[in-house]
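A note on names: the letters A, B, ... follow the listed sequences, proteins ahead of strands, and every chain is numbered from 1. Only heavy atoms go into these numbers, but all of them, side chains included; no hydrogens, no water, no symmetry mates.
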2 protein chains.
Amino acid sequence: MTQRKGPTGEPGAGSTGEAQTPPRPPRARRPTIGDVAALAQVSKATVSFVVNDRPGVSPQARRRVRAAMDDLGWQPNAGARALSTRRWQTLGLVIRRPPELLSTDPFFPQFVAGIETGLAPLGYALVLQVVPDAESERRAYERLAGDGRVDGVFLTDLRVDDPRPTLVTELDIPALIVGPPQEGSGVPSIGVDDGSGIRQAVRHLRSLGHRRIGHVCGAEGYVHTESRRIAWSEALAEAGLPDLPPAKADFTGASGAQATHRLLDRDDPPTAIVYANDLMAIAGITAATSRGLRVPEDLSVVGFDDIPLADCISPPLTTARQDVPAWGHAAARTLVALTEGKDFQPVELPPVQFIVRASTAPPPA
Amino acid sequence: MTQRKGPTGEPGAGSTGEAQTPPRPPRARRPTIGDVAALAQVSKATVSFVVNDRPGVSPQARRRVRAAMDDLGWQPNAGARALSTRRWQTLGLVIRRPPELLSTDPFFPQFVAGIETGLAPLGYALVLQVVPDAESERRAYERLAGDGRVDGVFLTDLRVDDPRPTLVTELDIPALIVGPPQEGSGVPSIGVDDGSGIRQAVRHLRSLGHRRIGHVCGAEGYVHTESRRIAWSEALAEAGLPDLPPAKADFTGASGAQATHRLLDRDDPPTAIVYANDLMAIAGITAATSRGLRVPEDLSVVGFDDIPLADCISPPLTTARQDVPAWGHAAARTLVALTEGKDFQPVELPPVQFIVRASTAPPPA
DNA sequence: TTGTAAGCGTTATCAA
DNA sequence: TTGATAACGCTTACAA
């Protein structure tokens with residue numbers, strides 16, 4: 001008593017006349033394009049033409065098909081469609097981040113939200129993977145590409161000498177680097193110049209009269225850590241200010257506090273510190289305060305990111321903000337275009353915005 | 001000159017001998033199970049048996065197949081497999097959150113990371129959708145279910161009278177509520193009792209000698225907002241303390257600061273405030289400080305979440321922490337089990353942990 | 001304008 | 001233990 005193929009089934013989620021099976025009713029069979037075609041008295045091809053908004057269908061047929069679709073509550077099965085078209089309408093995002101940093105970073109959720117605003121109108125979906133280390137990261141990309149689950153992938157948080165540009169080239173899958181371009185990698189990129197926020201910070205502090213401006217770095221090995229450190233260093237030189245050794249840290253509050261103490265322990269402590277992110281800056285304020293320094297009277301502090309807390313603390317934090325959702329939006333549109341075989345078009349993104357609040361002031365006399 | 005089907009193609013990503021086409025080499029054809037079968041001189045069925053670790057294949061054949069797989073770098077196409085098995089090995093997570101709250105909330109990234117640790121070993125993927133409002137939320141679920149793109153969905157951030165339990169039942173898709181159970185919805189749930197953290201907070205403050213303990217609520221309409229408010233109210237009653245009207249807020253720093261001022265403006269201001277999250281608590285500390293109050297000497301403050309910043313500020317925040325990654329992990333395993341037709345097994349989660357830091361102290365004399 | 005039929009790359013069935 | 005062959009649900013030539 002095998003069920004015959006075709007529109008003879010009883011589609012829809014209506015209750016069947018069978019005796020009640022209390023434990024777990026089997027999931028109802030979903031209607032197929034065949035059911036719709038039969039109900040609308042047209043061929044499957046016609047239904048396909050209608051759902052895909054292609055011309056060459058009479059208005060009457062089109063109307064009947066639409067009615068049948070609504071009746072049955074049918075929508076095309078993504079997998080079957082993908083199998084035919086070889087297009088998944090799905091993009092992949094792999095995030096490698098130590099768990100303790102994940103909930104810290106304002107970038108990730110905002111970026112994902114931005115991606116969605118770009119993807120949703122196009123009917124694309126996002127598959128997300130969070131991995132702990134380099135090895136699982138590589139496997140994640142291999143799998144996403146290999147089983148054809150996604151049409152393209154984002155590359156975020158690039159590290160110095162990151163193997164992923166090479167990897168995606170080998171895997172032959174469209175990819176987009178989110179962040180500063182990697183010259184020579186052959187992988188297109190989208191991003192704004194991190195350094196600009198730092199340079200604005202240094203200029204701001206210089207104009208307040210600061211001459212010894214320190215920097216607390218982010219986690220080693222990341223491209224954006226380096227670009228922020230280099231921007232700071234170059235901005236100092238440009239402003240004719242003395243070089244200071246950067247204080248290494250890793251984006252966590254604890255590391256930021258330690259780095260702050262190291263800087264303040266110097267014989268010639270800085271009168272202002274530019275941090276690679278807000279979390280470390282806030283921890284730095286606490287560290288400085290605990291030494292009896294007042295912020296901003298004795299020490300000026302600048303963060304990076306403009307997290308929601310930045311203006312809830314005392315003093316409100318001077319910081320640099322990127323329009324990360326806009327970034328995600330643009331990245332999504334760009335990668336979709338790439339997967340559709342279009343040529344890469346660099347996108348203009350809103351520049352970093354420097355926000356002056358109360359954590360910066362002229363240096364002590 | 002149409003390309004014939006079969007193993008005659010030239011699979012793999014090796015360079016072809018063709019003349020270089022500078023602009024954009026077409027993506028190489030991926031090898032299929034047929035190619036592997038041909039190379040290993042077995043049938044497709046045998047290859048399928050091997051990749052799926054099913055018995056009934058001779059060791060020799062198995063070996064030849066594995067070799068061929070490695071040679072060709074083949075892995076089964078997810079869509080074709082899904083079409084056959086009707087199982088996507090994919091779960092869906094829809095997050096409705098106003099963008100400004102997204103980067104604030106420590107729950108989301110931690111939960112996603114936890115889900116991944118549960119999903120990765122099972123070979124499952126997660127498709128994520130971030131939506132701005134109820135309408136797009138409904139559409140997102142309808143599409144994920146109707147598409148057949150996912151095998152099951154998570155329901156997070158439940159609201160009072162949330163339509164989603166009904167929706168997923170209608171859509172006939174396995175679902176799991178993440179949070180307190182919704183009685184009568186018929187949808188299984190996983191979560192811990194939020195209220196426990198709040199009750200511990202009240203008891204802690206009571207034991208310090210506080211008698212007027214206020215509460216700043218989260219955004220209205222959320223189940224977890226209500227459960228925290230109710231826990232506070234009940235804990236007061238239980239401790240024999242006077243009732244105070246809860247101060248409404250919405251989880252943002254600004255709302256937390258305002259609510260704090262409203263409480264402190266009272267004729268009988270509280271000597272301690274329990275906030276529905278850390279962000280509001282930190283903003284509350286700033287607000288209180290700006291009025292000349294000292295924390296904790298004049299006002300004790302308790303948060304909720306234990307965000308990374310909680311112990312970087314001054315004073316370090318007394319707060320309640322949930323093991324959100326563990327939660328995500330368990331949720332993932334549970335939902336996978338549900339999609340595989342297994343019966344729902346409630347899971348024991350680590351309890352809320354109450355963390356005493358320096359933002360609480362005995363009330364002023 | 002419409003219908004027929006051949007893929008797409010798997011897994012499942014069943015006979016050998 | 002194996003191999004044909006038929007689904008799975010859709011798109012797309014091509015024919016009518």
Heavy-atom donor-acceptor pair, A:D151 side chain to A:T90 backbone, under 3.5 Å:
yes
Candidates C:dT10, D:dT2, D:dC10 - which lies nearest the side chain of A:N77:
D:dC10
If a stem is a run of at least 3 consecutive Watson-Crick or G-U pairs, both distances under 3.5 Å, which stems include DNA chain C?
C:1-16 with D:1-16
Could you state the CZ-C1' distance from B:R64 to D:dT2, rounded to the nearest angstrom?
11 Å
Spacing between B:Q75 atom CD and C:dT10 atom C1', to the nearest angstrom:
14 Å
5' priority, DNA chain D, between B:F49 and B:A80 [closest heavy atom]:
B:F49
Phosphate-side-chain proximity, A:R86 and C:dG9, N/O vs OP1/OP2 below 4.0 Å
yes
Stepwise salt bridge (charged side-chain N to carboxylate O under 4.0 Å, His left out) check, A:R164 with A:E170:
CA-CA 10 Å; A:R164 288 175 293 168; A:E170 284 171 8; over 6 Å; no
Could you check how far CD of A:Q89 sits from C1' of D:dC10, rounded to whole Å?
13 Å
Should the ring pair B:F111 and B:W327 be called parallel, tilted or perpendicular, given that the plane angle runs from 0 to 90° and is split at 30 and 60?
perpendicular
Closer than 4.0 angstrom, basic N to acidic O: yes or no for A:R66 and A:D53?
yes
Any idea which of C:dT11, D:dT11, C:dT2 is nearest the A:R81 side chain?
D:dT11
For residues 67-77 of chain B, which side-chain N or O atoms pair as donor and acceptor with protein atoms under 3.5 Å away, sequence neighbours left out?
residue, atom, partner, partner atom, Å
B:Q75, NE2, A:E142, O, 3.2
B:N77, OD1, B:G79, N, 2.8
B:N77, OD1, B:A80, N, 2.9

State whether A:T46 places a side-chain N or O below 4.0 Å from either non-bridging phosphate oxygen (OP1 or OP2) of C:dT2.
no
Could you tell me the separation between the CZ atom of A:R29 and the C1' atom of D:dG9, rounded to a whole number of Å?
11 Å
So, does A:R54 get its side chain near the phosphate of D:dT11, meaning an N or O under 4.0 Å from OP1 or OP2?
no
Nucleotide of D:dT12, C:dG9, C:dT11 approaching B:T85 most closely (side-chain heavy atoms):
C:dT11
Send over the distance from A:W88 CH2 to C:dC8 P, rounded to a whole Å.
15 Å
Compare side-chain N and O positions of A:S43 against OP1 and OP2 of C:dG3 and report whether any pair is under 4.0 Å apart.
yes
NA contact type, A:V57, heavy-atom cut-off 4.0 Å: base, sugar-phosphate, or nothing?
sugar-phosphate
Is the backbone N or O of A:L158 less than 3.5 Å from a side-chain atom of A:D162, with the two atoms forming a donor-acceptor pair by type?
no
If I take atom CD1 in residue B:I33 and atom P in nucleotide D:dG3, what distance separates them, rounded to the nearest angstrom?
12 Å
What integer distance in Å separates A:N52:CG from D:dC10:P?
11 Å
In a table with atom names and distances, give each donor-acceptor pair under 3.5 Å that connects a side chain of residues 115-132 of chain B to protein atoms at least two apart or in another chain.
residue, atom, partner, partner atom, Å
B:T117, OG1, B:G114, O, 2.7
B:T117, OG1, B:H329, ND1, 2.8
B:Y124, OH, B:R87, NH1, 3.0
B:Y124, OH, B:E340, OE2, 3.3

Check every atom of C:dT11, C:dC8, C:dT10 against the side chain of A:S84 and return the nucleotide holding the closest atom.
C:dC8
Give the C-alpha distance, both sets of side-chain angles, the deciding distance and a yes or no for salt bridge (charged side-chain N to carboxylate O under 4.0 Å, His left out) between B:E137 and B:R97.
CA-CA 10 Å; B:E137 180 182 59; B:R97 210 62 80 85; over 6 Å; no
With the side chain of B:A61 defined as its heavy atoms from C-beta on, choose the nearest nucleotide among D:dT11, D:dG9, D:dT2.
D:dT2
Any idea which of D:dG9, D:dT2, C:dT11 is nearest the B:V51 side chain?
C:dT11
For A:L83 and D:dT11, give me the distance from atom CG to atom C1', rounded to whole Å.
10 Å
Could you please name the option among C:dT10, D:dG3, D:dT2 that lies closest to any side-chain atom of B:K44?
C:dT10
Heavy atoms under 4.0 Å, any strand shown: does B:S58 hit a base, just sugar-phosphate, or nothing?
sugar-phosphate
Can you tell me if A:W74 touches the phosphate of D:dC10, counting only side-chain N or O atoms and a distance under 4.0 Å to OP1 or OP2?
yes
